[in-house]
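Atoms within each ligand, like the ligands themselves, are counted from 1 in listed order.
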Amino acid sequence: MIAQSCMDISLASPLLGGLSPQTFMRRHWQKKPLLVRQAVPNAIDLVSRSQLVALAAHDEVESRLVVQRAGRWSLRQGPMARTAMPPFKQPQWTLLVQGLDLHLPAARTLLDRFRFVPDARLDDVMVSFATDGGGVGPHVDSYDVFLLQTQGRRRWRIGKVKAPELVPDVPLKILANFEPEQEFLLEPGDMLYLPPGWAHDGVAEGECMTCSIGFRAAGRDELGREVVQRMLDAADLDDRGPLYRDPTLAATHEPGRIPVALQGFAAQAVARLLADPNALDCALGEVLSEPKRGVWFDAEVQDIDASIGVRLDQRTRVLYDDGHVFINGESFRASGRDARMMRRLADRRALTATDVAALSEGARALLDDWLAAGWLQGAD
Ligand code: SIN
Ligand code: CO
């Protein structure tokens, strides 16, 4: 069965402490923290300690190990075997595993509960396991994050920091001038939302596991560079274009000076490259829907069984704008009923058999390609 219900963003939700997604976004998002007791009462089932340790050994999974010993911090990047980690009875260490939503269906389902925020802003589900006293030290993240306690207890201390100063010579970004203003002890199921720029320090009280539902925020210059690069890659630039002409050029006694008209010609050339709004929208959608680093799809040829519908692989990213649909870094023009169905596929991450039957032959052929690439699966 395909879940057809999209969440009602005006309904009060226990996930947000009785606020509706609309109210949460208005009052808290990017503005102020929110503590929610029992936001996800069954959070304990998300992932076990042994599953997390096993994931950290995989090449395609991003993980880090942070150990504190005798007042010193050490950091090791994964992949790593269990034998590379300290014993569980040793205090003050933590294992952090990124991208659980790519690997565990339960983590993907959890992430789906936060889809009142656009997918273009969602990053991933990270889970940390810590022994008593473990944590990553006081720090500031530049991203919004929901910190959900899944097992054991963790004490969070948070505070606003105006001019962060870092502890020198440690392999982690640890704040030297952290002044906590509030403190919360989180039990399994409790959740703390923090906007970017709020300093926080989470210390395990006994063994604990914490899940971070993280968001991404594009850096202006980084996004600009990526989008322009895509536009250049897509533009047909084999032709040199019309040549620069200067029939009115006068004799110069400053031969080293670049002619102003040539500067104008270059400015026009660049503006022309970037002026096509369609090319810009396409490039942006492709950049934003690019799969996460390390994601490989298993290509297998299957026929769509229209009687059961399709759903997206949990690692597939689908976004859309008014004229296009973007899937895993590729863009397609879409209009009419096909566009409506492709948007439904993006919003619900699935299409029913009836939806599939409504697609044009061309759109069905695209679904076939995406199935063959391993981006979709037949729904069961
Ligand atoms: C942790 O889970 O230990 C760290 C999460 C965070 O501070 O962002
Ligand atoms: Co943090």
Proximity flag Ser212 to ligand 1, non-hydrogen atoms under 4.0 Å: yes
side-chain hydrogen bond (donor to acceptor under 3.5 Å, both in side chains) between Asp101 and Gln314, intermediate numbers included: CA-CA 7 Å; Asp101 50 301; Gln314 71 183 85; over 6 Å; no
N/O separation below 3.5 Å, His139 to ligand 1: yes
Residues clustering with Leu249 (ILVMFWY side chains joined when closer than 4.5 Å, directly or via others): none
Trp156 touching ligand 1 at heavy-atom level, < 4.0 angstrom: yes
Arg154 and ligand 1 - part of the residue with a heavy-atom distance under 4.0 Å: side chain
Side chains of Gln98 and Arg64, donor plus acceptor under 3.5 Å: yes
Residue pair Arg113, Ile213: steps toward the side chain to side chain contact (heavy atoms under 4.5 Å, CB included) verdict: CA-CA 10 Å; Arg113 300 190 61 183; Ile213 296 98; over 6 Å; no
Nearby protein N/O/S atoms (those under 2.8 Å) for the Co ion (ligand 2), with water ignored: His139 NE2, Asp141 OD2, His200 NE2
Part of Tyr143 within contact of ligand 1 (heavy atoms, under 4.0 Å): neither
Salt-bridge present (Asp112, Arg108; N to O < 4.0 Å): yes
Distance-only N or O hit between ligand 1 and Thr94, under 3.5 Å: no
Residue portion contacting ligand 1 (non-hydrogen atoms closer than 4.0 Å) for Asp141: side chain
Any N or O of His200 closer than 3.5 Å to N or O of ligand 1: yes
Contact list for residues 250-293, test ring pair (Phe, Tyr, Trp, His ring centres under 6.0 Å), sequence neighbours left out: Tyr244-Phe265
Any pair counted as side chain to side chain donor-acceptor pair (under 3.5 Å), so long as it reaches residues 207-230, sequence neighbours left out: Arg49-Glu207, Gln149-Thr210, Arg154-Thr210, Gln229-Asp233, Arg230-Glu286, Arg230-Glu290
